[in-house]
Amino acid sequence: MRSKESERFAARIRALKDRAEISFEELARRTGVSSSSLHRYCSGTKIPTGYGAVHTFGKACGASNEELRELHRLWALADASRSSLTAPGEGATNVAAHEEAAPSPASDADTLVSSHRRRRLALGTAAVTALTVAAAVVTVSLNSTDGPDASVVSGSGVTAHLRVFNIEERCRKRSDRAPGCSIGLAIDPRLNYDAKNVVSHRVWHDDVLNADCILYDGDEVTDEIGTKSTRWYRVRLDDVPRGHAWLSGIRTRGNPALPACAP
């Protein structure tokens, strides 16, 4: 089932390809994405699981910075609509497929926090919750001292591996765990993301974390090149008081299929 958002996204990337007058075979060579996957992206039958492949596609077709920002917006809306139609247990393992390997986006995502998307994500959360209840007996945690995720849908056993990504190339190249290249995990994803709102546990590029849900409307975080995100992943940790912390969506290139964290 295709959403209007996925059709708009497919129409935009088809238009970029047609304007560039480039074949699928040449696009595959330039992007490192298989031609069959590119066919599915342009037909709207598949949405890339990460923005990296989309950004590489746009650059290969000669998209301007403004066009890349618009492409990012359309992909984010299509991705959110896909998430609302995906059962929580589907693709629980790392779904960052090999064809998605590509540079991190160099565009902003200001429009991700628009009221239109907030309404769409609210509907998506309701759909995911309904599917979870139909699939298994769900235990809802109602601990009022547990921050914004006090009623996170739990008990489904759904987790996914999430790989940390540092946009700074100098940090990606280091083999040691230099303090200056570490990344903080938030205590509360809806509060200002600063030094007062991070747990003691630090992470570095390429670390693998265990995530169990996604929060779409947290504090907006901007990385070193201006990319913005309001998406946060709840990750499980053994050495912090609550047993979990939050990784910002700009600090990973993965996009695993996980339940939405209840508001």
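Only this structure's heavy atoms are used, side chains among them; waters, hydrogens and symmetry mates stay out.
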- Message: Checking K173 now: which residues fulfil salt bridge (charged side-chain N to carboxylate O under 4.0 Å, His left out) with it, not counting sequence neighbours?
- Response: E169
- Message: Between S248 and V221, is there a side-chain heavy-atom distance shorter than 4.5 Å?
- Response: yes
- Task: Would you please name every residue forming a side-chain contact (heavy atoms from CB on, under 4.5 Å) with S23, sequence neighbours left out?
- Result: E25, E26
- Partners passing side chain to side chain donor-acceptor pair (under 3.5 Å) against D238 (at least two apart in sequence or in another chain): none
- Message: Given 3.5 Å as the limit, does a donor-acceptor pair link the side chain of S182 with the main chain of P179, or not?
- Response: yes
- Task: Please list, chain by chain and in numerical order, all residues satisfying side-chain contact (heavy atoms from CB on, under 4.5 Å) with E168, sequence neighbours excluded.
- Result: N166, R170, C171, E224
- Does any pair with a residue in residues 10-62 pass disulfide (SG to SG under 2.5 Å), and if so which ones, sequence neighbours excluded? none
- List in chain and number order the residues that pass side-chain contact (heavy atoms from CB on, under 4.5 Å) with T45, two or more places apart in sequence or in another chain; answer none if no residue qualifies. R2, R40, S43
- Query: With sequence neighbours excluded, what pairs up with N192 under the side chain to side chain donor-acceptor pair (under 3.5 Å) test?
  - Reply: D194
- Item | Donor-acceptor contact present, side-chain R163 to main-chain V208, <3.5 Å | no
- Across all chains, not counting sequence neighbours, the side chain to side chain donor-acceptor pair (under 3.5 Å) partners of S200 are none
- Item | Sequence-distant partners of R202, salt bridge (charged side-chain N to carboxylate O under 4.0 Å, His left out), two or more places apart | none
- Query: Tell me, which pairs form a ring-ring contact (aromatic ring centres under 6.0 Å, His included) where one or both residues lie in residues 172-213, sequence neighbours left out?
  - Reply: F165-H205, Y193-W232
- Under a 4.5 Å cut-off applied to non-hydrogen side-chain atoms, are L185 and L237 in contact? yes
- Taking the side chain as every heavy atom from C-beta outward, state whether V54 and F9 have any pair of such atoms under 4.5 Å apart. yes
- Message: Could you tell me if K17 sits above the aromatic ring of Y41, with its cationic atom closer than 6.0 Å to the ring centre and no more than 45 degrees from the axis?
- Response: no
- Task: Quick one: list whatever passes side-chain contact (heavy atoms from CB on, under 4.5 Å) with E66, sequence neighbours left out.
- Result: S64, R69
- Query: Is R174 paired with D206 through a side-chain N to carboxylate O contact shorter than 4.0 Å?
  - Reply: no
- Query: Can you check salt bridge (charged side-chain N to carboxylate O under 4.0 Å, His left out) on R242 and D188, steps first, answer last?
  - Reply: CA-CA 11 Å; R242 297 178 180 179; D188 187 334; 5.8 Å; no
- List for me each residue that meets side chain to side chain donor-acceptor pair (under 3.5 Å) alongside N197, sequence neighbours excluded, and say none if there are none. none
- Message: Do S36 and F24 have side chains that approach each other closer than 4.5 Å (heavy atoms only, starting at C-beta)?
- Response: no
- Backbone N or O of A78 within a donor-acceptor pair of the S6 side chain at under 3.5 Å? no
- Item | Side-chain (S37) to main-chain (V33) donor-acceptor, under 3.5 angstrom | no
